[in-house]
Amino acid sequence: MTVLTSRPDVLSDDRRMAMLEQLALVSAELDKARAGGGKKYTARHLARGKLLPRQRIELLLDRDTPFLELMPVAAYGSPFPVGGSLVCGIGKVEGVDCMLMANDPTVRGGASNPWSARKTGRAMDIVRENRLPLIFLVESGGADLPTQAEIFIPGGAMFRNLTQLSAAGIPTIALVFGNSTAGGAYVPGMSDYVVMVREKAKVFLGGPPLVKMATGEESDDESLGGAEMHARVSGLADQLAEDEVDCIRLGRDVVRRLNIPARPVPASIAPRYDEEGLLAIASTDLRVPFDPRDVLARVVDDSDFDEFKPLYGSSLVTGWARIHGYPVGVLANARGVLFSEESEKAAQFIQLANSSDTPLLFLQNTTGYMVGKEYEQDGIIKDGAKMINAVANSTVPHITVVIGASYGAGNYGMCGRAFNPRFLFSWPHAKSAVMGPAQLAGVLSIVGRQSAESRGLPYDEEQDAAMRQLVETQIEAESLALANSGRVYDDGIIDPRDTRTVLGLCLAVVNATEFRGVRGGFGVFRM
Amino acid sequence: MRQGKGPDVMTMPVSKLLVANRGEIARRVFRTCRSLGIATVAVFSDADASAPFVAEADEAVHLPGSAPSETYLRGDLVIAAAHATGADALHPGYGFLSENADFAQAVHYAGLTWVGPPAEAIAAMGSKLRSKELMRAAGVPCLPSWTAPTEATGFPMLVKASAGGGGRGMRIVRSADELDEAFEGAQREALSAFGDGTVFLERYVERPRHIEVQVVADTHGNTVALFERDCSIQRRHQKVIEEAPSPAVSEELRAALSDAAVAAARAVSYEGVGTVEFVLDPSGEFFFLEMNTRLQVEHPVTELVTGLDLVAVQIAVARGEALPAEALSPTLAGHAVEARLYAEDASYLPQTGTLSLVEFPHGVRVDSGVETGSVVGVHYDAMLAKVVAHGATREEASARLADALDRARLHGVVTNRDLLVSVLRSSEWLENDVDTGFLDRHEMPAPSAEVHQIHCLAAALASAATRTSAFPSGWRNVPSQAQTTSYDGVVVEYDQRSDGLHASVDGNTLTVRLWSASPYAVDLSVSGVRRRYDVALGETTYVDSALGHSALVEDARFPVPGNALAAGSLTAPMPGTVLRVTVAVGDEVKAGDALVVLEAMKMEHGVKAVDDGTVTAVLVEEGGQVDAGAVLVIVTPD
């Protein structure tokens, strides 16, 4: 046991203020997500005696338990409203961690747009990997027709996913509060359990106008797809709920009868340092390095962190700790750059974690693998490849938090999105891109200058400066945490102060699944 | 300075005493027995099998059944129990067989020491008409009275049962047209309560005070008055708060009352402990009401101001000893006030249930029949305990008693505690503006909505504390709304964020700071004032704090459809027996009509229509037993 010492002078008021500004920017986007379709549509929805998606979720959750909302700013930076017309997250229902996904009917009738589809897809990945029961709170008019071209073909995956989850023994529950039409009808159609709200749920392949167009038949909503019809006639609904609250009650009853045993909650000790300090460690200027041990001192149990190879490859910190009682192996960038030593240390550490079936936590703050003649000749590509190889083939659960920069292949080696961590979150000031904006603009400038020279043409310095400015601005915007979160490249931006809570919740989820580290047929390679 | 009758006085043994009673008075007698080294025997009914008084006795004998007529009124079984246990003495307590002369005689014939007055004295005072004749003859002032409505003159007048006590069957008549009905009603109730339907009428004193004098007499010819008690705070003619001495009695009046009481006792050759009750007119004139030939419920106030143990005095007299010197020359020290804690609601309807918590603070005398876990049933009197405070002055004793009642923890059954506290703290009480009609005029302060709201919040926070984990309570990374719960429709919203608790109740935002919360206690500042809220979570949640006491029922988060009562359902307010059903399906009824009459705790309770309408269902029959909340009749409103 080694208790970390974090000196008070690592905390800075300036950095804290800057981080709060970044949080305020995120909060403004969360406000948009919370506002759903805006005042007018929210008021109309409430006037119909219906609950908002977040109200439905709150009622479904066990009282006073945490709820980790995922991908709340999906669709940020797109033409679609922030949130992707869906609210989703993980919380406890009848003591069982479940994935809750609620259509937001105040956003264009809850219609699915390409961002809803991405968000749904990612949520289903989480469900599959973590074997979470899925509760779909349905009220959606189907596909967003103007963008149908982008969702019609890939959107079918959702229905395939639903039934494959069921086949894998992962319970799927559809609580139908309103429309669930056309393709949407297959959400209840493909779910294990279906509850519909009397006089509110409408589930049909084609509504009265479409039926009229297709066959000339005169019909009405209730006989085509009313809850009562489905409960009494078609059998699509298992339970007929009197109202929304009753629907949620019946949904909770379903979960209670899934016979999923309660998991023991491990004992844990709070860190010795106040998590409030997490606002004041990292600079929003990513060029300013910080020691991840100061972060770990505020995240891991009892601030107790046993470091592995502290004297070797020191710009990557590796070691063992517990978070909310769950053991983790930690890899955290210390000074941004990954050299050969750091890469080999990481590869060895990941092998050890697999040998002991210990989940891994990656704290990313990297500018990438080192470049330069000396490093290339020393085999930085081979060494980086060892690390990427280890990360890619590791079979213990991975969780990644981008606590600063995530540039270049460092993003891959430190288990970026493409390496399928079970969960990936970002701090609000984090940036991810192939390289830093200035570097990328500089590279383009050098390449352009060389091209001009080779053709014997003069190089337009003024144009170059303008180009560099434009590129820097574009890359900067694309690399922001909000932009990446909007593209669903992470599972959400978190307040640094919530890091321990978020990781604890995720570790509880991953530890409820069975996993076993890879055993390669060789011993652990000492590198 | 004994004035013994001489060697002819028989010495009777009291070495093992059976108490032919239950509840607090059985415990009270046992306590003195303990101090005197006397072995104790209890008798108990089915309903009392787990009662504290049974556990406290050295030995106990089961009297099968629960109704008093099967158990505590069965003199033969009680005497058999004494023989079975080898008891040599019997104390009747109050109520039940205590004023039954035949029983006293039977005890005597059975060779047991009767810790009570001679059977002749009981018989003489047992008939109200005969006792008045005796009193008039002895020069004790009496109210004019009549045996038949036709003879009676001058209103108001009072109808009373001859055999009764404790106010049962009493009715006030203010005009001639009420007279016959009241007379007959009293006869019915007397017959049901005492097995004797004889009733009589007498002059009724307006704004009277109830003053009674404690007398003790030995077999050596000593008869002493131990000052008076004032029992003017009454509800339904039953005493609720008693005190000694009376603030309405001057030294001269005290002497006159004492003389009258001693004369009354001597007129029936009284021996033992008894009470002569008077009604005191505001002018200072007093009239004999009756003599209670037993230990009174309210005897502790006399004990506190005289320093005597009246049960010990009873035992001494029963043994044939002379009164002790302290009784022969009694002194009056300070002031004592007693409050009777009843399991009853604001309408004095008896309440039943399990007392999940009973705790009284130190500094007061508590004679309690119950303790935590006791079940309060339908079979017996609803009095749970007597709480008695002694002080240098009336103000001090009243304040101490009110404070002790206020601090008591009484969970599980509705009690009259709030009423008692509000009386003891009222200006009328403190200014001695008291008569037996006090409670008819006394208005309970309206319950504070704000206190209720704060207590609802405390209950919600204690409840949340049962669901704590290693994670912050109700943590959200994207907060959108507070946690919500409600108690009888009072909606509590609370949100425990990193910057502290945010809370509102019924839409009112409270300025709060939460210091700590456990499932048992919440330490919370509201508007800058920090208080500890003791919370007992349960089907009914109890919150006690310096602000008061609340019993809260949390609304179901997910009500099951169809469980709601049909509209127009009239339910039983308490468990009981259906005495009469006055309607049938199809009858038209008016709001206020009594449709079903229940009998519970020996009282009749009419269940009345709430709206005008038609009876669409009658779900009970006469003679049937019903539980509290059972639907009796459904009236479909017009």
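Reckoned from all heavy atoms, side chains included, excluding hydrogens, waters and symmetry mates. Just so we're on the same page: letters track the sequence lines, and every chain starts at 1.
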Quick check on Leu61(A) against chain B: is it the side chain, the backbone, both or neither that has a heavy atom closer than 4.5 Å? both
Side chain, backbone, both or neither: which part of Val265(A) has a non-hydrogen atom closer than 4.5 Å to chain B? neither
Taking side chain as everything from C-beta outward and backbone as N, CA, C, O, which of these in Gln55(A) sits under 4.5 Å from a heavy atom of chain B? Side chain, backbone, both or neither. both
Tyr520(B) atom OH, neighbour heavy-atom count above 12 within 6.0 Å: no
Counting only non-hydrogen atoms closer than 4.5 Å, does Arg252(A) touch chain B with its backbone (N, CA, C, O), its side chain (CB onward), both, or neither? side chain
Take Arg322(A) and Asp304(A) through the salt bridge (charged side-chain N to carboxylate O under 4.0 Å, His left out) test and state the conclusion after the steps. CA-CA 8 Å; Arg322(A) 283 178 181 262; Asp304(A) 175 7; over 6 Å; no
Asp253(A) and Arg257(A) ion-paired at < 4.0 Å: no
Look at the aromatic rings of His455(B) and Tyr533(B) and report parallel, tilted or perpendicular, splitting at 30° and 60°. perpendicular
Check step by step if salt bridge (charged side-chain N to carboxylate O under 4.0 Å, His left out) holds for Arg56(A) and Glu244(A). CA-CA 8 Å; Arg56(A) 289 172 181 162; Glu244(A) 294 206 13; 2.9 Å; yes
Chain B contact via Asp246(A) - side chain, backbone, both or neither, heavy atoms under 4.5 Å: side chain
If you count every heavy atom of other residues, nucleotides or ligands that lies below 6.0 Å from Arg513(B) atom CZ, does the total exceed 12? no
Assess, by modelled atom type and distance only, whether the side chains of Asp104(A) and Ser85(A) contain a donor and an acceptor separated by less than 3.5 Å. no
Counting only heavy atoms not in Glu588(B), do more than 12 fall under 6.0 Å of its CD? yes
With respect to chain B, which residue among His324(A), Arg497(A), Glu275(A), Glu276(A) yields the maximal number of heavy-atom pairs within a distance under 4.5 Å? His324(A)
Do the side chains of Asp64(A) and Arg467(B) get close enough for a salt bridge, i.e. N-O under 4.0 angstrom? yes
Chain B shares the most heavy-atom pairs under 4.5 Å, among Ile57(A), Asp243(A), Leu59(A), Leu30(A), with Leu59(A)
Does a donor on one side chain and an acceptor on the other come within less than 3.5 Å for Trp427(A) and Thr499(A)? yes
One thing to verify: whether Arg198(A) and Glu242(A) come together as a salt bridge, which I'm taking to mean a side-chain N less than 4.0 angstrom from a carboxylate O. yes
Considering only heavy atoms and a distance below 4.5 Å, find which of Leu250(A), Val87(A), Ile493(A), Val245(A) pairs most often with chain B. Val245(A)
Part of Ile494(A) within contact of chain B (heavy atom distance under 4.5 Å): neither
Between Glu58(A) and chain B, which part of the residue has a heavy atom less than 4.5 Å away: side chain, backbone, both or neither? both
Among residues 476-492 of chain B, which ones touch chain A with a heavy-atom distance under 4.5 Å? Arg476(B), Asn477(B), Val478(B), Pro479(B), Ser480(B), Gln481(B), Gln483(B), Thr484(B), Thr485(B)
Tell me, for Leu52(A) versus chain B, whether the close heavy atoms (under 4.5 Å) come from the side chain, the backbone, both or neither. neither
Please classify the contact of Asp62(A) with chain B as side chain, backbone, both or neither, using a heavy-atom distance under 4.5 Å. backbone
Bottom line for Arg34(A): the part with an atom under 4.5 Å from chain B's heavy atoms is side chain
Test side-chain hydrogen bond (donor to acceptor under 3.5 Å, both in side chains) on Thr65(A) and Trp475(B) and set out the steps. CA-CA 7 Å; Thr65(A) 56; Trp475(B) 178 86; over 6 Å; no
